[in-house]
Structures are given as C-alpha cells and as structure tokens.
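One structure below.
Note that the structure is predicted; figures quoted are calculated from it, not measured. When reading the values below, keep in mind they use all heavy atoms of this one structure, side chains included, and skip hydrogens, waters and symmetry mates.
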Amino acid sequence: MLWILSAVPLHKVGVNNITPKDIVGPDPYGYIAITSDDTSSMRPTWQWVDKSSDPSTVYLTMADDDIQGPFNIGFSFPYYWYSVSEFYVHSNGGIGFRSGNFWTPHGNFIPNTALPNDIVIGLGADLNPECGGRIYYWTNNVDSLVITFDSVPTWWNNSSGCFGAHTFQIIITADGNITFNYGPQNGGYDYGIGSSDVSIGIESVLGNPGLSIWEDEAPATRTPRDSFAIKIYRPDSTTFRVSDAAAHSIFTNETQNVLNSGIFIAYNRETAFIPEIRVENVGTDTLYNTWAKLYIRRKYNLSVVYRDSVLIPTIAPSEIAIYTLSPIDFSGFVRDYYTAYLMVQNSADANTFNNTKTVEIRLYHWTNHDTLYWFDWNSSLVLGNLVFTRWLGAGGGWAQRFDPRHYPFQIDSVWLVVAGCSSMNPACTGPINTPMFIASDTNGTVGTWLYADTLPVSRDTANIYTLIPPTPIIVNKPFFVGYIQPDSLGPSVGIDTSKPSSRQTFESTNSITWAPYRDNETSDFAFVVWGESLESTGISENYTYDEGTFLLSKDGRILLSKPQRISVYTISGRKIYDALVDVVDMRKYPRGVYFIKVGNRFIRIIRR
C-alpha cells in the first residue's frame, strides 16, 4: 500500500537534464538509481574509497545477524522528507537510522512496511562476519560517511557455516545521494538451502516509499561484481506528501530510554506514577489536533484499569511531542501483569500501521523478596506452553534484560528454564555442561559477567536450573541473565510467545557480541530473578570511599562491597562501634544523627 497524495518528482541532475538509459525508479518520493553500466552523463564512476588505514576509521566486531550503533554520521544527512544524524550497522549488509531488530534477507523484500524500516541496504544477504572479513566505517564529519564490508562471507548450510566472501561499501553524502561500490564477489545467495534471498535498495521510515534495485538476483544486469557501482540520486524537489502520526513510545523516561521495553513497577511504592507518552510526526506536513490515548489493561486484552488522553494541537514534521498524563496509583492494582496501549488518532493520518504501541507492565513487591520475570508463568510453566529453540552451531547465547528501577537491588538467585538434547540423537551422549551467568548492562547490551557457573543440563527434558551466587549480588543498574550454548545440540532455551512481550530478549551467535533477539517483539525467555530492592525511603544515595562503596538498605543496614574497618559515632562524637566487617546493623541504635567513618571518609546519616 502506498500512502501518497501526489508524487511528481522533479529531477535536475546531470548535464542539460540528460535522461539516463538505465534508470531504476523513481520511487514515490522521487529517488532514482543509476548503475555504472549506464552510458549517460549521470553514470556513476566506480572509485573505491580506501580508509582501512586511516587513524579515524572505526572497526566493528560483529556477530552473525547483528546490529550495532548508534554511531554519529558527522553531519546532517537528508533522507526522504527528514534528516538523520546517527546510524546503525546491520551485519547483513546495510545501515539503518533507527534502533530495533536487525535486517534479514530471508522472507524479506524492499520496499516493505514490516520492521525494520529507515534502511539503506548495499548488499542485503545473510552475511556472517564471524566467518571472517572486516566491517568498518569512516566519516570526515563534514559531508561524507563510508561504511565498508571487506571480504565478509555469507552464512551457509554446511559444516563450517560459512561460504564465499563479499566486498562492498555504502557511501552517503551531505547532498542526500547514496553510492554503492562493489569489490570482488565470491559465492552466491542460496545459502545451500536452494532459495535465493538477497536485496539492494532503500526504505523510508514508513517502509514505503522505498526503492528496489536488485531483488533475489534479478535483474541479472544489476548483479554486484568487482568495479561495479550504483548511485542513488535524491530528487531536487518533490510533490510527495503524506500525513503520518506515529505512536513513538510509552514510559521512556522510566526505562532508561530503551524504547517500549517492559517495565517493572513496585506496586506498593508507586502510588503516584506519572505516565509519559511520546507521539511522533513521521510525515511531511504539520499535524493538527492529534489525539493520544493511553490505556492500561489487565493481562493483554482484559478489563481496562486506567485511561487518559490528551489532544495535541500541533506536531511539526520530525517532531516528537512529549506529554505526561494523570498519575497512576499502582497500589490498588491486582497482582498480575498488564499491558499499556498508546493509540494516536488524526483525521489526516494516511498510515495506521504505526498508530499503536504497547508496553508490558509487571508488578513486584517493594519491601520484600520477590520474583522478576517476563514470561507468562501460568501459561508457560503450569500449562506447558513454552516453545524451545537452539542455535544450529555451538557458541551462541541467550539473555534477558532486567531493570527493577528501584536501586540498589539485591540478586539472590536466578532460574533458567532450558531443555537438554534428545537421547534419540546418537550424538547426545549425556548432560551438556552449560555456562550460565548474571551480567551487567553495558550501554544497553550484555556486559561483564557478575557471576557465572557451569551447570549440567540433563537429556530428554526441560528443567529449571538455579544459579546461586555464594553471596548476594548488589546492582545499581539493569542486568542480564542468560547462558551460552556450548554444543550444537543445545541446550534449548524456553520461550514464551504469548502477548505482551518485554522486548528485552537478546541473542549472540558467538558469545561475545550481543544484539536484540530477532523475535524480541514476540518472545520472552523463561528466566526468573529472585531478589529484593534495597532502596531506602530515607536515604537513597550510594556512597563511595577510597576502596569501594557502601549503601543503606531500606531496613537500616549498612552494606559494604567488601570487609572494611568501619566506625560509628554519635552526634556528640562518641564512638559506639568499631570493627572490620561488611555489614553494620543500625537498627539496634536509637533514632538520631550518626557519623560513619569508612576508610578516610566521614558520612552523616539519619536513623529515622
């Protein structure tokens, strides 16, 4: 479907407006593509831009089916009816201008309204940088960005999982034009499974308009080869118009800017939660009188427990309007999971596919130990509705992100539901020793392991495996729970595909680099955290001293990161405690003001 009111692009490129003999397009916005095989003056000249040794070049370590970013373009790049300043690299041969899932050629085509959109695909194949090659980018921070894929093989259905090597680069410039340069190409695109899946083209933020240049190896005249180039020209002007109001995000200010990720609510603490909503104008024209409505339903589609709305007078093109609605008292909610719905309505809106966003809400107890999990416990564990999957090779991984929001948070144990290999397979000779971990969050992805252990996963059955650190782990930011699949036979991860989903599942194909799970819009892993918030109602600050940190728990204890000499003084200066410990229980002292000496630092606290 095309959402076009009118589109008569005007091109004023080339010499004396010479019409190319081999033109691709125009697309509805007016972009055209011309190959180096053309004979007109608009024919691009192949010229490889070698920045492999430039000191400002950034090399990426990418996994199979990966996406990394955002990275700064270095200048404002005009793309369709808007401009972008950041980009993401897709390991399968392209770049995008929005976060989200990686692009895959399988079952895909260009243009396509299915996510991800807002992409530039130079050679959209099932590339596998784990097999070799290099991916890097360079910008002069003025008018040119070059992304290079150098000798990157494709995934292949063989013993190595690798085949061939493909070299190309994507060049975007401040005038809005795009060039694809191709180097040596070795190998095809049926991946040993007999089905050709490969694309070259561009898509707008809507998916369509978009320009398809080469799809599933057709036409043959545009097949990438050494010293071949394609240039995509941005129109000098266009009459394309579209009105498009999009539901952008819910509670973004409370989820550390992870768009539309599930949110944990401490229901007995959050009695005046201020819901934030964001509505974006992704069209070409100013929007007038846009309704934004927020609903919260029990489970996914049961009774409405909250509703509010706002009429937004105007939203300029590319603007994101941010509004807060009436407070929510979660203390009156029945202990269950919920779904928040943001719905936008505008009478001129030509695209309804992006009018709704949902966010999963999970409640937990603020003052007691409780469980954190994202899957449907009753449907998955009680009724046995989990599905199980694994990587075809060894070394991949699965992880789920958790953000309790009320820190410090103490992790006592985690549970993972995984299934061992089947004894029907002769290669399955016994339990699979599986590394399971709790890891920090580093820039929104899996970081340093905080604790790990290797547990034997039994054959023929799915079980709950418990990871118990020798001492509780105290974190002050989100964290991950996951495991590494050490064998091609598994273990398999338990997945809940019922709605809603947290959008906080992650995958790795090499156990080093991680990306959002390819089906994170519809899947949650059956992982559970057992712990409690240590956030204090009186003092929520974490203190640092010369050799570590300490915090005040909500029940009046002082917790140190490691044993230290600690002294407690009254307000009059009398020392009442002195010991080498990692925990001090202040509950035994009367209410009042005290001074705590840790290392060379004194800290004043109030015992309420």
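- By the salt bridge (Lys or Arg N to Asp or Glu O under 4.0 Å) test, Lys499 is found to be paired with no residue, residues two or more places apart in sequence or in another chain being considered.
- The aromatic rings of Phe163 and Trp156 are tilted relative to each other, their planes meeting at an angle between 30° and 60°.
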Notebook entry, point to check: Please walk me through it: do Tyr364 and His369 pass ring pair (Phe, Tyr, Trp, His ring centres under 6.0 Å)?
Noted result: CA-CA 9 Å; Tyr364 77 100; His369 274 79; over 10 Å; no
Next item on the list: Dump the intermediate steps for ring pair (Phe, Tyr, Trp, His ring centres under 6.0 Å) on Tyr341 and Tyr295, then the final yes or no.
Entry: CA-CA 5 Å; Tyr341 292 81; Tyr295 300 86; 7.6 Å; no
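- Between the side chain of Asn108 and the backbone N or O of Thr104 there is at least one donor-acceptor pair closer than 3.5 Å.
- Sorted by first and then second residue, the ring-ring contact (aromatic ring centres under 6.0 Å, His included) pairs involving residues 463-482 (not counting sequence neighbours) are Phe402-Phe479, Phe480-Phe506.
- Using a 4.5 Å cut-off on side-chain heavy atoms (C-beta onward), Asn92 and Asp65 make contact.
- In this structure, Met436 CE and Leu455 CG are separated by 5.0 Å, a value rounded to the nearest 0.5 Å.
- Relative to the ring axis of Tyr337, Arg362 places its NZ or CZ within 45° and under 6.0 Å from the centre.
- Under the ring-ring contact (aromatic ring centres under 6.0 Å, His included) criterion, Tyr80 pairs with Tyr29, Tyr31, not counting sequence neighbours.
- Inspection of the Glu270 and His406 side chains reveals an N or O donor paired with an N or O acceptor under 3.5 Å.
- Side-chain contact between Arg297 and Val305 is absent, with no heavy-atom pair separated by less than 4.5 Å.
- Taking the six-membered ring where the residue is Trp, Phe273 and Phe251 present perpendicular rings, their angle passing 60° and hence far from 30°.
- Using a 4.5 Å heavy-atom cutoff, the side chains of Val529 and Phe409 are in contact.
- Note: His166 and Tyr189 meet the aromatic proximity criterion, with ring centroids under 6.0 Å apart.
- Of the possible donor and acceptor atoms, one in the side chain of Ser440 sits under 3.5 Å from a partner among the backbone N and O of Thr448.
- Between Tyr483 and Phe527, the ring-plane angle classifies as perpendicular under the 30° and 60° cut-offs.
- At least one donor-acceptor pair closer than 3.5 Å links the side chain of Asn158 to the backbone N or O of Cys162.
- Using a 3.5 Å distance cut-off with no hydrogens or angles, the side chains of Tyr323 and Asp308 do not pair a donor with an acceptor.
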Next item on the list: Please step through ring pair (Phe, Tyr, Trp, His ring centres under 6.0 Å) for the pair Tyr79 and Phe97, ending with a clear verdict.
Entry: CA-CA 10 Å; Tyr79 192 56; Phe97 304 117; 5.1 Å; yes
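- Defined by atom type and a distance below 3.5 Å, a donor-acceptor pair is missing between the side-chain atoms of Asp487 and Gln485.
- The backbone N or O of Ile495 lies less than 3.5 Å from no partner atom in the side chain of Ser523, so there is not a single donor-acceptor pair.
- Aromatic ring pairs are classed by plane angle as parallel below 30°, tilted from 30° to 60° and perpendicular above 60°; the pair Trp374 and Phe264 is tilted.
- Defined by atom type and a distance below 3.5 Å, a donor-acceptor pair is missing between the side-chain atoms of Glu532 and Trp366.
- The side-chain hydrogen bond (donor to acceptor under 3.5 Å, both in side chains) search around Thr290 returns Asn346, not counting sequence neighbours.
- Between Trp514 and Phe437, the two ring planes are perpendicular [angle over 60°; tilted spans 30° to 60°].
- Remark: the Ser423 side chain and the Asp460 side chain contain an N/O donor-acceptor pair separated by less than 3.5 Å.
- Checking each of Glu280, Glu203, Glu86 against Arg98 for a salt bridge (charged side-chain N to carboxylate O under 4.0 Å, His left out) leaves exactly one that passes, namely Glu280.
- Side chains of Asp524 and Ser502: a donor on one and an acceptor on the other come within 3.5 Å.
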Check: Going through the distances and angles, do Ile202 and Ile121 end up as a side chain to side chain contact (heavy atoms under 4.5 Å, CB included)?
Finding: CA-CA 6 Å; Ile202 61 175; Ile121 303 298; over 6 Å; no
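- Here the side chain of Thr454 pairs no donor or acceptor atom with the backbone of Asn433 at under 3.5 angstrom.
- Using a 4.5 Å heavy-atom cutoff, the side chains of Val89 and Ile135 are in contact.
- With hydrogens and angles disregarded, no donor-acceptor distance shorter than 3.5 Å links the side chain of Tyr338 to the backbone of Leu363.
- Counted by atom type alone, Asp496 and Asn385 present zero donor-acceptor pairs between their side chains at under 3.5 Å.
- Donor-acceptor pairing under 3.5 Å is recorded for the side chains of Glu215 and Ser199.
- With salt bridges taken as basic N to acidic carboxylate O contacts below 4.0 Å, none links Arg503 and Glu360.
- Residues Val205 and Asn117 form no side-chain contact, since every pair of their non-hydrogen atoms from C-beta on lies 4.5 Å or further apart.
- For Asn443, the side-chain hydrogen bond (donor to acceptor under 3.5 Å, both in side chains) test picks out no residue, with sequence neighbours left out.
- Residues Asn355 and Asp349 have side chains that bring a donor and an acceptor to within less than 3.5 angstrom of each other.
- Looking only at distances, a side-chain donor or acceptor of Tyr191 sits under 3.5 Å from a matching main-chain atom of Asp197.
- For Phe71, the ring-ring contact (aromatic ring centres under 6.0 Å, His included) partners two or more places apart in sequence, or in a different chain, are Phe87, Tyr137.
- In this structure, Ile277 and Leu325 have side chains that are in contact, with non-hydrogen atoms separated by less than 4.5 Å.
- Under the 4.5 Å side-chain criterion, counting only non-hydrogen atoms from C-beta, Leu534 is in contact with Gln410.
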Next item on the list: With ring pair (Phe, Tyr, Trp, His ring centres under 6.0 Å) as the test, would you mind laying out the steps for Tyr267 and His365 before giving the verdict?
Entry: CA-CA 6 Å; Tyr267 67 91; His365 201 286; 5.8 Å; yes
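- For the atom pair CG (Asp376) and OG (Ser498), the distance works out to 4.5 Å, reported to the nearest 0.5 Å.
- The closest donor-acceptor contact from the side chain of His90 to the backbone of Trp103 lies under 3.5 Å.
- For Ser508 and Asn510, the side-chain atoms include at least one donor-acceptor pair closer than 3.5 Å.
- For the atom pair Asp126 CG and Ser91 OG, the distance stands at 8.0 Å (nearest 0.5 Å).
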Note to self: Apply side chain to side chain contact (heavy atoms under 4.5 Å, CB included) to residues Ser309 and Trp291 and explain how you reach the verdict.
What the structure shows: CA-CA 7 Å; Ser309 60; Trp291 277 105; 3.7 Å; yes
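- Interatomic distance, CG of Asn128 versus OG1 of Thr509, reported as 6.5 Å (0.5 Å rounding).
- A donor-acceptor distance shorter than 3.5 angstrom exists from the side chain of Asn260 to the backbone of Ile250, with no hydrogens or angles considered.
- Between the OG1 atom of Thr466 and the CG atom of Asp453 there is a distance of 11.5 Å, given to the nearest 0.5 Å.
- Contact check for Ile438 versus Ile411: side-chain heavy atoms found under the 4.5 Å cut-off.
- Ile263 contributes atom CD1, which lies 9.5 Å from atom OG1 of Thr252 (distance to the nearest 0.5 angstrom).
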